[in-house]
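See structure below.
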Amino acid sequence: MANFYNDNPDLRHHLTHPLMRKIVELKERNYTDAEKYDYAPLNFEDAMDSYEKVLEIAGEISGEIVAPNAESVDHEGPHVVDGHVVYAQGTQVNLDALVKAGLMGISLPRRYNGLNFSSVPYIMAADMVSRADAGFVNIWGLQDCAEIIYEFADEDQKQRYLPRVCAGETMAMDLTEPDAGSDLQAVMLKATYNEADGTWRLNGVKRFITNGDGHIALVLARSEEGTHDGRGLSMFIYDRNDGGVTVRRIENKMGIKGSPTCELVFKNAKAELCGSRKMGLIKYVMALMNGARLGIAAQSVGVSEAAYREALAYANDRKQFGKAIIEFPAVAEMIAIMKAKLDASRSILYETTRFVDMYKTYEDIAKERSLTPEERAEMKKYKGYADAFTPVAKGMGSEFCNQNAYDCVQVHGGSGFMKDYACERIYRDARITSIYEGTTQLQVVAAINHVVKGTYLAKIEEYAAETYAEGLSELKDKLAAMTELYKQAIALVGEVNDTEYKDFHARRLVEMAGHIIMGYLLLGDATRNDSFTRSANVYINYAEAEVAKNFKFVSESNLDKMKMYKA
């Protein structure tokens, strides 16, 4: 039987990272929930056992149900009946299986019927579900929208909505509009307060909404009359049971075809204000997008895993000129680089997730009691790391996902262009990862400030100060040399003292930082588990060439040369 957790020891490696003990102890408040809930853990070992058991269930469902349904779901897709979405048959089977297994509300507190897990096992489950079917994770994985209700809604709203998510109801985030894609300040869906019955009503159109007919939706709308920027936007909770929203159509997409991407029409739809007025974009969407970007990073890793496995299996099986094609150096190199990119993107995914766990758990504890100065400082530190690492994990992870999907088709040759092989679907599914929830270019915009502020360099120096296995010293020296080039590149760009010039080189600087960070993370992985040594070698050699290439471009550039790239 296929089990996507048990067949992948890399997941258990990341689940048992040394920082997990502190994360779990903070999340469990030193295991006091055991006094109230018979399924709450008694200690760290008990908690980790629960994580493993749930991940084994998620892995079994991913391998035995979701993956076998992926092709039929891709062909059938969802459709609209009487203004509402009907999932493909396989999609509904997938969802029913995960709901029955209790895999909704994984990270929500037990008082709302959640499992109170850290983000790491939740992201790990998303990683596995994405490997099985990248489109389906966009339905199941939107349960993380519930985190926004938990963080910002009032207690009455939490009591009414969060248990429903834990019971299996799906969610959506209704942000973009026909004339407001990435520029969410341009959102014009109108929210009007009805004094007579004390309710908000929404009117307008939303477009490109993933799982747009979900049971519960977070909706960004313009609540302040006469405004035209982000300060006039608020966040609302829409309950499908109240009606008022119809699905005009489902987009006909290149990939992730099982996931309904909807155009929605709001006609006097009843909604509830979530949090404070005017804070919709400034505060709540930013929190929502950070969570969504981490989710897409997990999706990217899952698709990379699927692409790598398909390529490896085909390369071992396909015979040409009397031997398996993996025995040809050109193919062997492709497979090795695919695995290295997969391991690197997974390492930064879980490093980022641990940072998110740390600061979010401290924020949650701060609602119960005052944090000590040491705790507050630690919360601030990990929040800074999470803010810096999220755009790199999403941006570079999704690019690696696309590259691995491309190489998977290439390894298959002409067969990869045919629908007889899964790699054709994987290739189509991969393409969206570097586009939605902020394109790679927008991730660079978010990340470049951390280059300028020195966040990445400070963290790189922390990694450099750690102790690694003796056999990895040559790789560590290469990372040190790459770091020097990175410092020089930052200085060269800074000397020009031109904002446009900084933006021109932003992608190169962010990629340099990302390559070095992922190189150090792989050194850490290889030190804890020597099965990562090959990927550490392959990736750091690959990264060395990429960093040198970017440095050469930066060092030979000036304002005049930049102008040749301008329209």
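No experiment lies behind these values; they were computed from the predicted model shown. The first residue in the sequence is number 1, and the count goes up from there.
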>> Could you report the tightest heavy-atom contact between Ser259 and Pro78, atom names first, then the distance?
In response: C-CG, 4.5 Å

>> Could you check whether Asp343 pairs with Arg534 (Lys NZ or Arg NE/NH1/NH2 to Asp/Glu carboxylate O, under 4.0 Å)?
In response: no

> Can you name the nearest heavy-atom pair linking Gly519 to Tyr539, along with the distance?
Replying inline: N-CE2, 4.0 Å

> Counting N and O atoms only, with roles assigned by atom type, does the side chain of Arg293 sit under 3.5 Å from a partner on the main chain of Glu437, one being a donor and the other an acceptor?
Replying inline: yes

> Does Ser72 reach the main-chain N or O of Asn69 with its side chain, forming a donor-acceptor pair under 3.5 Å?
Replying inline: yes

> Under a 4.5 Å cut-off applied to non-hydrogen side-chain atoms, are Lys381 and Met358 in contact?
Replying inline: no

>> How long is the straight-line distance from CG of Leu175 back to CG of Leu288, given to the nearest 0.5 Å?
In response: 6.0 Å

> Do you know the tightest heavy-atom contact between Gly291 and Asp144?
Replying inline: O-OD2, 3.8 Å

Under 3.5 Å, which donor-acceptor pairs do the side chains of residues 458-475 form with other protein atoms, sequence neighbours left out?
unit_1 : atom_1 : unit_2 : atom_2 : d
Lys459 : NZ     : Glu462 : OE1    : 3.1
Glu462 : OE2    : Tyr385 : OH     : 2.5
Tyr463 : OH     : Glu351 : OE2    : 2.5
Tyr468 : OH     : Tyr463 : O      : 2.6
Ser473 : OG     : Glu470 : O      : 3.4

>> Looking at Lys380, I'd like to know if its NZ atom is crowded, meaning that more than 12 non-hydrogen atoms belonging to other residues, nucleotides or ligands lie closer than 6.0 Å.
In response: no

> Can you tell me if Ser535 uses its side chain to pair, donor with acceptor, with the backbone of Phe532 under 3.5 Å?
Replying inline: no

> Once the angle between the rings of Phe328 and Phe321 is folded into 0 to 90°, is it parallel (under 30°), tilted (30 to 60°) or perpendicular (over 60°)?
Replying inline: perpendicular

>> If you define the side chain from C-beta out and look only at heavy atoms, does anything of Ile426 sit under 4.5 Å from Val409?
In response: no

>> Looking only at the side chains, is there a donor atom on one of Tyr122 and Glu147 sitting less than 3.5 Å from an acceptor on the other?
In response: no

> Is any NZ, NE, NH1 or NH2 atom of the basic residue among Glu52 and Arg12 found under 4.0 Å from an Asp or Glu carboxylate oxygen of the other?
Replying inline: yes

>> With side-chain hydrogen bond (donor to acceptor under 3.5 Å, both in side chains) as the criterion, how do Asp525 and His13 come out once you've worked through the C-alpha distance, each side chain's angles and the decisive distance to 0.1 Å?
In response: CA-CA 8 Å; Asp525 291 334; His13 165 83; 3.0 Å; yes

> So which pairs with a foot in residues 484-493 pass side chain to side chain donor-acceptor pair (under 3.5 Å), sequence neighbours left out?
Replying inline: Glu484-Lys487

> What is the ring orientation for Tyr565 with Phe553, classed by angle as parallel under 30°, tilted 30 to 60°, or perpendicular over 60°?
Replying inline: tilted

> Hey, does the side chain of Asn558 reach the backbone of Lys561 with a donor-acceptor pair shorter than 3.5 angstrom?
Replying inline: yes

>> For the residue pair Asp96 / Gln92, report whether a side-chain donor-acceptor contact shorter than 3.5 Å exists.
In response: yes

>> Run the side-chain contact (heavy atoms from CB on, under 4.5 Å) test on Ile325 and Val411 for me, step by step, so that the C-alpha distance in whole Å, both residues' side-chain angles and the decisive distance to 0.1 Å come before the verdict.
In response: CA-CA 9 Å; Ile325 63 172; Val411 168; 4.2 Å; yes

> When you measure from the side chain of Glu310 to the backbone N and O of Ala307, does any donor-acceptor pair fall under 3.5 Å?
Replying inline: no

> Side-chain contact, heavy-atom cut-off 4.5 Å: Gln441 with Val445?
Replying inline: no

>> Taking CD in Gln89 as the centre, count heavy atoms belonging to other residues, nucleotides or ligands within less than 6.0 Å. Is the count above 12?
In response: no

>> Counting C-beta onward and ignoring hydrogens, is there a side-chain heavy-atom pair between Lys502 and Val451 closer than 4.5 Å?
In response: no

>> Looking at Glu305 and Arg346, is any side-chain nitrogen of the basic one under 4.0 Å from a carboxylate oxygen of the acidic one?
In response: yes

> Step by step, would you call Val24 with Tyr51 a side-chain contact (heavy atoms from CB on, under 4.5 Å)?
Replying inline: CA-CA 11 Å; Val24 172; Tyr51 287 5; 3.7 Å; yes

>> Could you check whether Arg131 pairs with Asp127 (Lys NZ or Arg NE/NH1/NH2 to Asp/Glu carboxylate O, under 4.0 Å)?
In response: no

>> For Lys566, I'd like to know if atom NZ has over 12 heavy atoms of other residues, nucleotides or ligands within 6.0 Å.
In response: no

> Going through the distances and angles, do Met518 and Phe400 end up as a side-chain contact (heavy atoms from CB on, under 4.5 Å)?
Replying inline: CA-CA 12 Å; Met518 285 188 275; Phe400 284 166; 3.9 Å; yes

> With a 3.5 Å cut-off and no angle check, do the side chains of Lys360 and Ser119 form a donor-acceptor pair?
Replying inline: no

> Are any of the side-chain nitrogens in Arg508 or Glu546 under 4.0 Å away from the carboxylate oxygens of its partner?
Replying inline: no

> Looking only at heavy atoms, which two atoms of Gly438 and Gln443 are closest? And how far apart?
Replying inline: O-NE2, 2.9 Å

>> Is it true that, when you exclude Phe417 itself, more than 12 heavy atoms of the residues, nucleotides or ligands shown sit nearer than 6.0 Å to its CZ?
In response: no

> Is Arg507 paired with Glu399 through a side-chain N to carboxylate O contact shorter than 4.0 Å?
Replying inline: no

> What's the shortest heavy-atom distance between Lys394 and Ser398, and which atoms?
Replying inline: O-OG, 2.8 Å

> Can a donor-acceptor pair be found between the side chains of Asn211 and Tyr87 at a distance below 3.5 Å?
Replying inline: yes

> Going from NE2 on His14 to OG on Ser347, what distance comes out if it is rounded to the nearest 0.5 angstrom?
Replying inline: 4.0 Å

> Nearest 0.5 Å, what's the CE-OG1 distance between Met396 and Thr440?
Replying inline: 10.0 Å

> Would a distance-only check, ignoring hydrogens and angles, find a side-chain to backbone donor-acceptor pair under 3.5 Å from Glu76 to Thr91?
Replying inline: no

> Under a 4.5 Å cut-off applied to non-hydrogen side-chain atoms, are His450 and Lys453 in contact?
Replying inline: yes

> Sub-3.5 Å donor-acceptor pair from the side chain of Asp429 to the main-chain atoms of Gly135, do we have one?
Replying inline: no

> Checking side-chain hydrogen bond (donor to acceptor under 3.5 Å, both in side chains) for the pair Asn138/Thr210: CA distance, chi angles, key distance, verdict?
Replying inline: CA-CA 7 Å; Asn138 285 349; Thr210 301; 5.1 Å; no

> For atom CE of Met286, is the number of surrounding heavy atoms from other residues, nucleotides or ligands below 6.0 Å larger than 12?
Replying inline: yes

>> Determine whether Lys257 and Asn252 satisfy the following criterion, side-chain contact (heavy atoms from CB on, under 4.5 Å), listing intermediate values before the conclusion.
In response: CA-CA 8 Å; Lys257 297 179 81 68; Asn252 186 12; 3.2 Å; yes

>> I'd like to check Tyr314 versus Ser415 (side-chain heavy atoms, cut-off strictly below 4.5 Å). Are they in contact?
In response: yes

> Just wondering, do Phe136 and Leu98 contact through their side chains at under 4.5 Å, heavy atoms?
Replying inline: yes

>> Closer than 3.5 angstrom, by distance alone: can the side chain of Asn541 be matched with the main-chain N or O of Asn537 as a donor-acceptor pair?
In response: yes

> If you count the non-hydrogen atoms of other residues, nucleotides and ligands that lie under 6.0 Å from CZ in Arg528, is the total more than 12?
Replying inline: yes

> Does any N or O in the side chain of Ser345 come within less than 3.5 Å of the main-chain N or O of Leu342, such that one atom is a donor and the other an acceptor?
Replying inline: yes

> Do Leu55 and Leu15 have side chains that get closer than 4.5 Å, going by heavy atoms?
Replying inline: yes

> Do the ring planes of Tyr542 and His515 sit parallel (below 30°), tilted (30 to 60°) or perpendicular (above 60°)?
Replying inline: perpendicular

> If you draw a 6.0 Å radius around OH in Tyr427, do more than 12 non-hydrogen atoms from other residues or ligands fall strictly inside?
Replying inline: no

> Just by modelled atom types, is the Ala388 backbone N or O under 3.5 Å from a matching donor or acceptor in the Tyr456 side chain?
Replying inline: yes

>> Can you give me the closest heavy-atom contact between Ser118 and Met20, atom names plus distance?
In response: OG-CE, 3.8 Å

